[in-house]
Amino acid sequence: MALLRFNGVFDIIELQVTQSQRDGEGFEVPADHGAVRLSLQEARDALYGRGRDESVGAAIWGQAVSRARACEAPEGPKQLLLIWLALPGLRGTVHRASRNLRVDRKELEAEALLAILEALAVVDAEAPGLGRSLVGTACNRVWALARRMATEMPVADVAQFIRFRAAFPPHEPEAELVPRESDWELGIAPPDRPDGLAASIRFTVRPARVQDEWLGDLAVRIGLRDVAHRARRPGGGARIGTLSLRAAGDGR
């Protein structure tokens, strides 16, 4: 596998779209004397440059969303182009969230891309403020993930953590400080229903342990299987209960 020139999925998409641009590819936008055609770079500059025109922006985003939906392959180039248009609006949020909350930038980039792809299925291509809606939804998802990650305390090796605790016994001796691996019980509150648990259980692990699978799943969806490593991160949901891990026979 060839080495990547960049180490973030945003940079990979930037390179992919830039290298795959064809002559004549672009967007038709309204002007004073009729419609004019903008190249891809001109269109993106019009979205984020000074003196932005709302009608021009609406035309660009509307065409980009319609083309992405019409593309037969879910990982087609039109989806990639839509993400490329959103990148300037996403980079600042990802950078600030990663810096301020000290979380992995790559995970935030992947979360932003997933948010764009999921929003593509539900947004109205003719709705006013389409671009703000797409980029704003993705930025909100980035901050939400960053805040969750900032409160997590990853443990790379649970067994090693247990051995470390065993090396420093408490003041009051215990009969068996560290139970055998088969003597752990998992407590769930509230208890499960007759038809199973009320929601799926999520076990948080170190981001580096899951990133290979998570980003790979994302890469397949947007057509970057050959230029990104495999990685995956499960999404969060509403808190409906708690889990506790304790030694078997411990009545606490």
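Residues take their numbers from the sequence shown, with the count starting at 1.
- The two atoms that bring V103 and A150 nearest to each other are CG1-N, 3.9 Å, heavy atoms only.
- At distances below 3.5 Å, not a single donor-acceptor pair connects side-chain atoms of R91 with backbone N or O atoms of L87.
- Side-chain contact between L90 and V142 is absent, with no heavy atoms from C-beta onward closer than 4.5 Å.
- Checking side-chain atoms of S133 against main-chain N and O of G129 turns up no donor-acceptor pair under 3.5 Å.
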**Prompt:** For D124 and L130, what are the C-alpha separation, side-chain angles and deciding distance, and is it a side-chain contact (heavy atoms from CB on, under 4.5 Å)?
**Reply:** CA-CA 7 Å; D124 182 356; L130 176 59; over 6 Å; no
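- More than 12 non-hydrogen atoms from other residues, nucleotides or ligands lie less than 6.0 angstrom from CZ of R99.
- For R132, the CZ atom is loosely surrounded, since the number of other residues' heavy atoms within 6.0 Å does not exceed 12.
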**Request:** Step by step, work out the side-chain contact (heavy atoms from CB on, under 4.5 Å) result for V29 and D53.
**Result:** CA-CA 10 Å; V29 300; D53 188 316; over 6 Å; no
**Item:** Candidate pair L117 and I83, rule side-chain contact (heavy atoms from CB on, under 4.5 Å), full reasoning
**Value:** CA-CA 8 Å; L117 292 174; I83 294 171; 3.9 Å; yes
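- When all heavy atoms of Q41 and W84 are compared, the closest pair comes out as OE1-CZ2, 3.7 Å.
- Looking at every heavy atom in both residues, D104 comes nearest to M149 through N-CE, 3.9 Å.
- Closest approach of V94 to E109, counting heavy atoms only: CG1-CG, 3.9 Å.
- For the atom pair CD1 (I116) and CZ (R141), the distance works out to 9.5 Å, reported to the nearest 0.5 Å.
- Residues I60 and L38 come closest through the heavy atom pair CD1-CD1, 4.4 Å.
- For the pair S98 (side chain) and H95 (backbone), a donor-acceptor distance under 3.5 Å is absent.
- Summarising the geometry, atom CG belonging to L113 is positioned 11.5 Å from atom CG belonging to L108; distances are rounded to the nearest 0.5 Å.
- Atom CD of residue Q63 and atom CG of residue L85 lie 10.5 Å apart, to the nearest 0.5 angstrom.
- No donor-acceptor pair closer than 3.5 Å links the side chain of E14 to the backbone N or O of F10.
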**Asked** Does the side-chain contact (heavy atoms from CB on, under 4.5 Å) test come out yes or no for T137 and V123, once each step is laid out?
**Response** CA-CA 11 Å; T137 296; V123 296; over 6 Å; no
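- No salt bridge links E111 with R147; every basic N to acidic carboxylate O contact stays at or beyond 4.0 Å.
- What you find for R67 and F27 is that their closest heavy atoms are NH1-CE2, 3.4 Å.
- One finds the CZ atom of R44 at 9.5 Å from the CG atom of L81 (value rounded to the nearest 0.5 Å).
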